[in-house]
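Input: a single structure, listed below in structure tokens.
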Amino acid sequence: MREKINEEVPSLIRFTLGKVAYDAVARIYGLSLNKSLNKLIKNNPIKVQNVNIFAMYHCGRIGLANRKLDQQILDWRKIKKHLV
């Protein structure tokens, strides 16, 4: 499955929006599942081979209930340096 994803989405950066998305990508890349997105976000990016995986909260209502908008904006700003 990893080869299929890397073939169809050749980017070296993956963003997971929410816990369900992170768990799906974690299984594909053989990462351990983590109960806390906060811990994952603190350690962003998660490096697997030549891919950077960024665990993020979903920007929808439930994601905002778990992580405030101002904190999510800061999370996204930290990613900027990896896009250059």
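Counting from 1, the numbers follow the sequence of the chain as shown. Just so it is clear, the structure is predicted and the values come from calculations on it, not from any experiment.
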> For T16 and A55, which heavy atoms make the closest approach, and how far apart are they?
Replying inline: OG1-CA, 3.3 Å
>> Please report the interatomic distance NZ(K47) to CD1(I53), rounded to the nearest 0.5 Å.
In response: 11.5 Å
> Is there a path from I13 to W76 through hydrophobic residues (I, L, V, M, F, W, Y) whose side chains come within less than 4.5 Å of each other?
Replying inline: yes
>> Evaluate Y22 against L31 for side-chain contact (heavy atoms from CB on, under 4.5 Å), listing each step before the verdict.
In response: CA-CA 10 Å; Y22 171 78; L31 300 171; 4.0 Å; yes
> How long is the gap from CD1 on I28 to CG on D23, to the nearest 0.5 Å?
Replying inline: 11.0 Å
> What distance separates Q72 CD from R77 CZ, expressed to the nearest 0.5 Å?
Replying inline: 13.0 Å
> In terms of ring plane angle, is the pair F54 and F15 parallel, tilted or perpendicular, where the classes change at 30° and 60°?
Replying inline: parallel
>> For the CD1 atom of I79 and the CG atom of L74, what is their distance to the nearest 0.5 Å?
In response: 11.5 Å
>> Is there a side-chain contact (heavy atoms from CB on, under 4.5 Å) between N44 and H82? Walk through the geometry before answering.
In response: CA-CA 10 Å; N44 273 337; H82 297 278; over 6 Å; no
>> If I compare all heavy atoms of L17 with all of Y57, which pair ends up nearest, and what's the gap?
In response: CD2-O, 4.1 Å
> Is I62 atom CD1 crowded by more than 12 heavy atoms from other residues, nucleotides or ligands, each under 6.0 Å away?
Replying inline: no
> Do you know the tightest heavy-atom contact between A26 and S32?
Replying inline: CB-O, 4.4 Å
>> Pair L12, N52 - check side-chain contact (heavy atoms from CB on, under 4.5 Å), show working.
In response: CA-CA 6 Å; L12 299 178; N52 288 324; 5.9 Å; no
>> Which heavy atom of L37 sits nearest to which heavy atom of M56, and what is that distance?
In response: CD1-O, 4.0 Å
>> Quiz question: by atom type and distance under 3.5 Å, do the side chains of N38 and R67 form a donor-acceptor pair?
In response: yes
